[in-house]
Amino acid sequence: MRRVTGTVLNKPQSLVERVTSLHFDAHVLLSGFFGGEPFFVLADGGIQIGRSKPALRPHKDGILIAKSDQSRILTGGDDGRVFETRADGTPTLIAEQKGQWINALALGPDGATAWSAGKAAFMRDGKGSIKTLPLLSSCQGLVFAPKGFRLGIAHVDGASLWFPNLAAEPEKLLWKGAHIDIAWSPDGRFVVTSMQENQLHGWRLTDKGHMRMSGYPGKIRSFSWSHDGLWFATSGAEAAIIWPFAKDGPMGKAPRECGVRPAKVTQVAFHPKALVLAIGYEDGWVMLVRLTDNAELLVRAGGDGAAISALGWSDDGKALAFGAESGASGLLDLPV
Amino acid sequence: MSEKIPVTVLTGYLGAGKTTLLNRILSEPHGRKYAVIVNEFGEIGIDNELVVGADEEAFEMNNGCICCTVRGDLIRIIETLMKRKGRFDAIIVETTGLADPAPVAQTFFVDQDVGAKARLDAVVTVADAKWLSARLKDAPEAKNQIAFADVILLNKTDLVSPAELQAVEARIRGINPYATLHKTQNCAIALDQVLDRGAFELDRILEIEPDFLKGGHHHHHHAHDHDCGPGCAHESHHHEHDHGHEHSPAPIHDAEITSVAFEHKGEMDPDKFMPWINDLVQNEGPNILRSKGILAFKKEPKRFVFQGVHMILDGDLQRDWKAGEARTSKIVFIGRKLDKAALRAGFMGCAA
């Protein structure tokens, strides 16, 4: 095995030359790829797939929230509608919640989708059958379980794990406070939420043991699991905070801090195949950091200074699409 | 860094006239666009795409040094609205009749993301001249809304007699002597008296005087040669009677909410004052609805100005004391169960 003998560089190596800059006229909510084609979802309602086609606008006005997987983009608009848009650009109306904003979205297995509006969570299976779960509060975070047909729902005072096809009440994970986003570890063993109080909370599902990951100077609104499921990267501090989830989870273990800079991290995205993390900052910087040795690669030194609001890798890990609150965006093409 | 979006909080009981005021703000040709966050859809008569429904979800937040109630739904809505901030110039948050304005105000100080992009401009309370006195008797929320206000529109003056109006005004003054009070019909008031008040901007806290003592601030727009009653055909009346006129009624003190004001004609020692005020609002926060102060610190050429909502304090050095301006220190509290003697002793104990 080749031993790595290089030193950690003080000045990050640069990939800036390999970035193509793009510009949109609205806040970028989501960026990613369908195969080789980049896509960008904008707050003004535009869904831009590919570089040359005109933007799709399935919603009446703006888009509030967007999520994607390998083959579809799910968007929730201020028109109360949820649309699923496929790589070829065909939009399907999934739901219409009259008079309400869509507050959370999730994509699941076999074409399933989930969304939240008002004080309810909704799940639609791949065949179009919809189930509703009334909630005691509004919900801003939804996530499908890595296996099985189950939805994790973040809300005030905790999270609920719902099997929509079972009559039983959802399993409740309780912790006082407002829980905003929610994540489920790829091995199914842990559920983590981000809270109003600048911290993460988590539960080990076997025994509902609590985990608290605190010390953040800001709210954690972006997170990403590594491809092997062993690391959980988070935003909200002046470095990407990466929690180890091997064995018993992060309890009692210190997190890694990567990409330390005098600016808060706003977006994180793990490479689909390697322990490399893309990090976007509030001042527009983008970097890649390799977990093994903390080696840093500069992708963008700020641009117009607007915060990075979207970060997404292509499935083969050879390209990265990013976008900022100002609409400034870019595509990084990695040397193979 | 771009400027923060101003947010006006509009409160008051159903039927007091909030909707009338909102509709005016949304329809008058002042060239500004407002995003409005409401609790009851369908009341707004204007077709405005920037009207958002809110659920009024408050929850307690505890981040170690501050424990207070914030409006979770507002945090979410404002964060989302700010992703398209080119579309509007300001935000209006309308609360329901029974709402406590405190969580709304606190949200802007306690949530960093909201606080970075938006700033609280003023709490405007619309009160129904006919029903307020009754509400003050049976609803603690009505008192809160008066106590919290920076601007009070005492509306529907056409529905009460002059004597009744005086009595209501006195009741309001007994709770909050500092808010700017306007007597209106149909909320007919120049919008610059309601919007863009900068009530929470330390730079705009020029003095702390009970509103009815402020002479020369408001000017008559025309001579009043008659009492306006129902059917009065004037347009855009500015009934600004609150400038030390002889008919300004003496405040009727409220059993529950009081205001106390102290002045030390001299300097304060910041090393005594800062710990005192911080401890005070930490311990008595729930009872202190609002606080305000303009202080002369020893060896400090600039005025120190602060204002607070419950246990949240916002203070900073403002402008220089002017030549010839008396370096005096004033403080005001509006709250429940205020121990005037203890507060005075504490304040005076911080004198330099």
Side-chain angles (χ1 to χ4, degrees), chain A residues 25-29 42-45 60-66 76-80 98-104 116-119 135-141 155-157 176-180 195-199 214-219 221 236 264 266 282 305-307 309 325-327, chain B residues 1-2 5 33 35-44 47-88 91 103 106-117:
Chain A
D25 288 327
H27 179 122
V28 181
L29 294 171
L42 309 174
D44 69 0
K60 283 196 193 132
D61 193 6
I63 294 175
L64 306 174
I65 186 169
D78 55 19
D79 56 2
K98 272 210 149 34
Q100 294 179 319
W101 273 13
I102 305 299
N103 296 325
S116 175
K119 291 188 180 161
L135 302 169
L136 294 175
S137 75
S138 61
C139 154
Q140 268 181 271
H155 47 65
V156 169
D157 292 342
K176 247 190 147 345
H179 299 254
I180 307 174
M195 297 184 69
Q196 173 66 29
E197 284 93 337
N198 300 351
Q199 61 184 292
S214 57
Y216 290 83
K219 279 190 275 194
R221 301 308 308 276
K264 270 213 211 109
T266 48
E282 65 183 346
S309 48
E325 290 181 358
S326 59
Chain B
M1 201 72 208
S2 50
I5 298 273
K33 289 217 240 90
V36 182
I37 304 174
V38 297
N39 281 97
E40 279 114 9
F41 258 131
E43 284 201 333
I44 309 253
D47 183 23
N48 183 336
E49 72 266 18
L50 291 170
V51 177
V52 185
D55 277 313
E56 231 163 43
E57 288 186 288
F59 58 80
E60 201 167 270
M61 200 181 122
N62 192 334
N63 70 2
C65 38
I66 291 193
C67 171
C68 67
T69 313
V70 296
R71 281 275 303 270
D73 57 318
L74 273 188
I75 295 172
R76 171 173 46 84
I77 291 169
I78 291 175
E79 268 181 16
T80 307
L81 279 175
M82 296 309 284
K83 292 180 187 170
R84 296 188 70 193
K85 56 182 183 276
R87 284 193 310 163
F88 52 91
I91 298 175
Q106 284 164 176
T107 300
F108 292 90
F109 293 99
V110 167
D111 185 273
Q112 295 144 322
D113 300 332
V114 167
K117 300 190 160 151

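Because only heavy atoms are used, hydrogens play no part in the values below, and waters and symmetry mates are left out as well, while side chains stay in.
Partners of A:K219 by side-chain contact (heavy atoms from CB on, under 4.5 Å), not counting sequence neighbours, listed by chain and number: A:I180, A:Q196, A:N198, A:R221, B:I75, B:E79, B:D111, B:D113. For B:E56, the side-chain contact (heavy atoms from CB on, under 4.5 Å) criterion is met by B:N39, B:R71, B:T95, B:T96, B:A99, not counting sequence neighbours.
One distance of note links CD of B:E57 with NE2 of A:H155; it measures 11.5 Å at 0.5 Å rounding. Between the CH2 atom of A:W101 and the CG atom of B:L81 there is a distance of 4.0 Å, given to the nearest 0.5 Å. Residue B:T80 holds its OG1 atom at 12.0 Å from CD1 of A:I102, rounded to the nearest 0.5 Å. Between B:D55 atom CG and A:Q100 atom CD the span is 8.0 Å, to the nearest 0.5 Å.
Here the closest heavy-atom approach between residue A:S138 and residue B:R76 is recorded as OG-NH2, 3.5 Å.
Your options are A:N103, A:L42, A:V156, and the one with the most heavy-atom pairs under 4.5 Å with chain B is A:N103.
Looking at heavy atoms from C-beta onward, B:F59 lies out of side-chain contact with A:D157 at the 4.5 angstrom threshold. Within the 4.5 Å cutoff, the side chain of B:R84 has no heavy atoms near those of the A:H27 side chain.
Of the possible polar contacts, one joining the B:Q112 side chain to the A:P217 backbone as a donor-acceptor pair under 3.5 Å is found.
Contacts of A:A26 with chain B are absent, with no heavy-atom separation under 4.5 Å from either backbone or side chain. With a 4.5 angstrom heavy-atom cutoff, A:L29 touches chain B only via side-chain atoms.
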